[in-house]
Asker: 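Let me begin by handing over the structure; questions about it come next.
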There are 2 protein chains.
Amino acid sequence: MRVADHPQAGRRGRPPGTSARELELISLRLFTEDGFDETTVERIATAAGVSKRTFFRYFDSKADVLWHAFDGEVRALRAALRAIRADVPMMEAIRQAVVGVNRYRAQDVPELRTRMNLIGSVPALQASAAQHYDAWERAISEFAAGRLGLAADTLYPLAIGRATLAVCRSAYEQWAERADADLTVYLDQALHAVSVGFDPSRLRQ
Amino acid sequence: MRVADHPQAGRRGRPPGTSARELELISLRLFTEDGFDETTVERIATAAGVSKRTFFRYFDSKADVLWHAFDGEVRALRAALRAIRADVPMMEAIRQAVVGVNRYRAQDVPELRTRMNLIGSVPALQASAAQHYDAWERAISEFAAGRLGLAADTLYPLAIGRATLAVCRSAYEQWAERADADLTVYLDQALHAVSVGFDPSRLRQ
DNA sequence: ACGTTAATCGTCATCGCGTGACGAAATCAA
DNA sequence: TTGATTTCGTCACGCGATGACGATTAACGT
């Protein structure tokens, strides 16, 4: 967690020499061109016209630069869950909320797909995923805890949060490598599957 | 993946100065005493009477030393899945297999709990989890793929493998921090929950 | 116009992880 | 004893990440 990005008027001090977004775009390009491990932070920083030290003032690690966008969507997920009416069944509510916050504009799709392909193929990035997924899982867990009347750190809410993320990650990856359908279709299918307990006779074809 | 540990008779060459198991026990002790981040590989190696370089000949990273035991259990899981009769429903088969390979002897429980507490609390260890979980997930995915008549890298098998791991991790953690029941009880409860789609009216109290 | 305050940045030093290269040590076999 | 084999230690190095500290750049107050 770093990255302020608050373009404030009337602020003092030396103006930023770059932005988190610029570092993100440069990193994305270099990672796809040369590979994640082969791209040093020094190179990214130089390409952005700043020093290596400055990069680490924007992001806590080299991997975090790719999770910038994802982190912001947790707030959207929480808001979507709050907006669901109380008479919608729990797993159906989760499905609606998750699918709702994953409707991307067409112009954002290529970058999203590039990012997910990197995350899905580079071990160092998969390793960095855990801490970023944590907040997402908790959002689901706390919603489930409220519905079930349990604490969020007990078995069922925890399991629901993680299982939900698990199937969504599968949907993301299928969508990222194949390009034959909308992301929401995959998510909807995956979340439907978990809500019927993966019962083969109830899985959609 | 490293760690040979093949005590071969009639072999040539200089005998090993330590073993993976010894390094594992020493690491476990130092990690709990001083913390994972505070314990350098240099210290572990010195405590084992070898050099830092030798540690990295046994394990690929400092974190991997804690996953040594876990990696070995994937083979057991695959075998357990193969042994399930074909007329047992898919999710029920998975539940039986997972619970079956997680019956630990009483004397192994303290070390297991120590390891899981570390993995659950140290970010660097959580990050290292991804690559070790991968083989476990694939074992489940491939079993599900066989039952569903699908490829293992398609949505449903992938989702089943990951969701299964997700709820099992929740069970592991609940068991590791509370100490009020057998691990298999938590696992059974978590796997039952996913098999009924987390339907509140069908969750056990 | 000038000094003050505030924010960002660059440089430098440092630590630890992880890896490659290469020779030394220890054991068995011929 | 000699040679082959296996493990080990030393050395060097690159890179990620962090702390300290002074230099830059701008707005603000007088």
Side-chain angles (χ1 to χ4, degrees), chain A residues 1-23 26-27 30-31 34-67 122-131, chain B residues 1-23 26-27 30-31 34-67 122-128 131:
Chain A
M1 195 70 91
R2 196 71 61 97
V3 178
D5 256 343
H6 286 177
Q8 218 153 350
R11 53 172 290 292
R12 298 228 222 179
R14 174 175 176 171
T18 183
S19 66
R21 178 61 179 159
E22 185 187 359
L23 288 173
I26 292 175
S27 301
L30 294 178
F31 289 165
D34 305 337
F36 179 83
D37 293 321
E38 289 72 23
T39 305
T40 66
V41 174
E42 178 69 39
R43 274 211 62 203
I44 301 172
T46 302
V50 296
S51 71
K52 183 181 72 168
R53 192 63 181 88
T54 293
F55 177 95
F56 285 112
R57 288 199 178 94
Y58 281 80
F59 299 99
D60 287 332
S61 74
K62 184 169 88 163
D64 276 12
V65 70
L66 281 191
W67 294 98
V122 179
L125 289 172
Q126 294 171 354
S128 71
Q131 60 186 108
Chain B
M1 196 72 89
R2 194 73 59 98
V3 180
D5 257 343
H6 285 177
Q8 217 153 352
R11 50 174 291 292
R12 298 226 224 177
R14 173 176 176 170
T18 181
S19 67
R21 178 60 180 163
E22 185 186 2
L23 288 174
I26 291 175
S27 301
L30 293 178
F31 290 165
D34 305 339
F36 179 83
D37 293 322
E38 289 72 21
T39 305
T40 66
V41 174
E42 179 69 39
R43 274 209 63 202
I44 301 171
T46 302
V50 296
S51 72
K52 182 183 74 169
R53 192 65 182 86
T54 293
F55 177 94
F56 286 112
R57 287 197 178 96
Y58 281 80
F59 298 100
D60 287 331
S61 73
K62 183 169 88 162
D64 276 11
V65 71
L66 281 190
W67 294 97
V122 179
L125 289 172
Q126 294 170 355
S128 72
Q131 60 186 107

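First the proteins, then the strands, lettered A, B, ... as listed; each starts at 1.
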Asker: Respond yes when some side-chain nitrogen or oxygen of B/S51 is under 4.0 Å from OP1 or OP2 of D/dC8, and no when none is.
Answerer: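 B/S51 to D/dC8 OP1/OP2: no side-chain N or O under 4.0 Å.
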Asker: On DNA chain D, does the nearest nucleotide to B/T54 precede the nearest nucleotide to A/G13 from the 5' side, or the other way round? Give the residue.
Answerer: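 Closest to the 5' end, via its nearest nucleotide, is B/T54.
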Asker: Any donor-acceptor pair, under 3.5 Å, between the side chain of A/R14 and the base of C/dG10, if you only look at N and O atoms?
Answerer: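 Checked by distance alone, the answer is no.
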Asker: On DNA chain D, nearest-nucleotide positions of B/G49 versus B/R12: which is more 5'?
Answerer: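 The answer here is B/R12.
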Asker: Just verifying a value: how many Å separate A/D64 CG and A/S27 OG, rounded to the nearest 0.5 Å?
Answerer: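 One finds 11.0 Å between CG of A/D64 and OG of A/S27.
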Asker: Given the structure, check if the side chain of A/R53 and the base of D/dG19 hold any donor-acceptor pair shorter than 3.5 Å.
Answerer: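 A donor-acceptor contact between them is present.
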Asker: Could you check how far CZ of B/F59 sits from P of C/dT19, rounded to whole Å?
Answerer: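 Atom CZ in B/F59 sits about 14 Å away from atom P in C/dT19.
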Asker: Do A/Y58 and A/V65 have side chains that get closer than 4.5 Å, going by heavy atoms?
Answerer: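 Not touching, per the 4.5 Å side-chain cut-off.
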Asker: Which atom names give the shortest non-hydrogen contact between A/T39 and A/K62, and what distance separates them?
Answerer: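 Scanning both residues, the minimum pair turns out to be O-NZ, 2.8 Å.
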Asker: Of the nucleotides D/dA20, D/dA26, C/dT19, which one has an atom closest to the side chain of B/F56?
Answerer: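 Closest of the options to the side chain of B/F56: C/dT19.
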Asker: How many Å lie between CG on B/L23 and C1' on D/dC8, as a whole number?
Answerer: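 Between C1' of D/dC8 and CG of B/L23: 13 Å.
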Asker: Could you give the CD-to-C1' distance, from A/E38 to C/dG18, as a whole number of Å?
Answerer: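 In whole Å, C/dG18 C1' and A/E38 CD are 15 Å from each other.
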Asker: Where do A/V122 and A/F31 land on the side-chain contact (heavy atoms from CB on, under 4.5 Å) test, with the steps shown first?
Answerer: CA-CA 10 Å; A/V122 179; A/F31 289 165; over 6 Å; no
Asker: Considering heavy-atom distances to DNA chain C, does B/F36 or B/P15 have its closest nucleotide positioned more toward the 5' end?
Answerer: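 Counting from the 5' end, the first nearest nucleotide belongs to B/F36.
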Asker: Give the nucleotide from the list C/dA26, D/dG16, C/dT8 with an atom nearest to the side chain of A/T40.
Answerer: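 The answer is D/dG16, which lies nearest to the side chain.
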Asker: For B/L125 and C/dC17, give me the distance from atom CG to atom C1', rounded to whole Å.
Answerer: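 That distance rounds to 14 Å.
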Asker: Rounding to a whole Å, what distance do you find between B/D60:CG and C/dG18:P?
Answerer: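 Going from CG in B/D60 over to P in C/dG18 covers 9 Å.
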Asker: Quickly, which of B/T18, B/L23, B/I26, B/V50 forms a side-chain contact (heavy atoms from CB on, under 4.5 Å) with B/F55? Name it, please.
Answerer: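 Looking at B/T18, B/L23, B/I26, B/V50, the match for B/F55 under the side-chain contact (heavy atoms from CB on, under 4.5 Å) is B/L23.
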Asker: Under 4.0 Å: is that the gap between some side-chain N or O of B/Y58 and OP1 or OP2 of D/dC8?
Answerer: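 Answer is yes, contact under 4.0 Å.
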Asker: To the nearest Å, how far apart are B/K52 NZ and D/dC11 P?
Answerer: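 One finds 12 Å between P of D/dC11 and NZ of B/K52, rounded.
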Asker: Quick one: which of C/dC17, D/dG9, D/dG16 gets closest to the side chain of A/K62?
Answerer: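 Shortest atom-to-atom distance from the side chain points to D/dG16.
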Asker: In this structure, how many angstroms lie between the P atom of C/dG16 and the CZ atom of B/F55, rounded?
Answerer: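 That distance rounds to 15 Å.
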Asker: Rounded to whole Å, please give me the gap between CZ in A/R11 and P in C/dA6.
Answerer: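 Atom CZ in A/R11 sits about 13 Å away from atom P in C/dA6.
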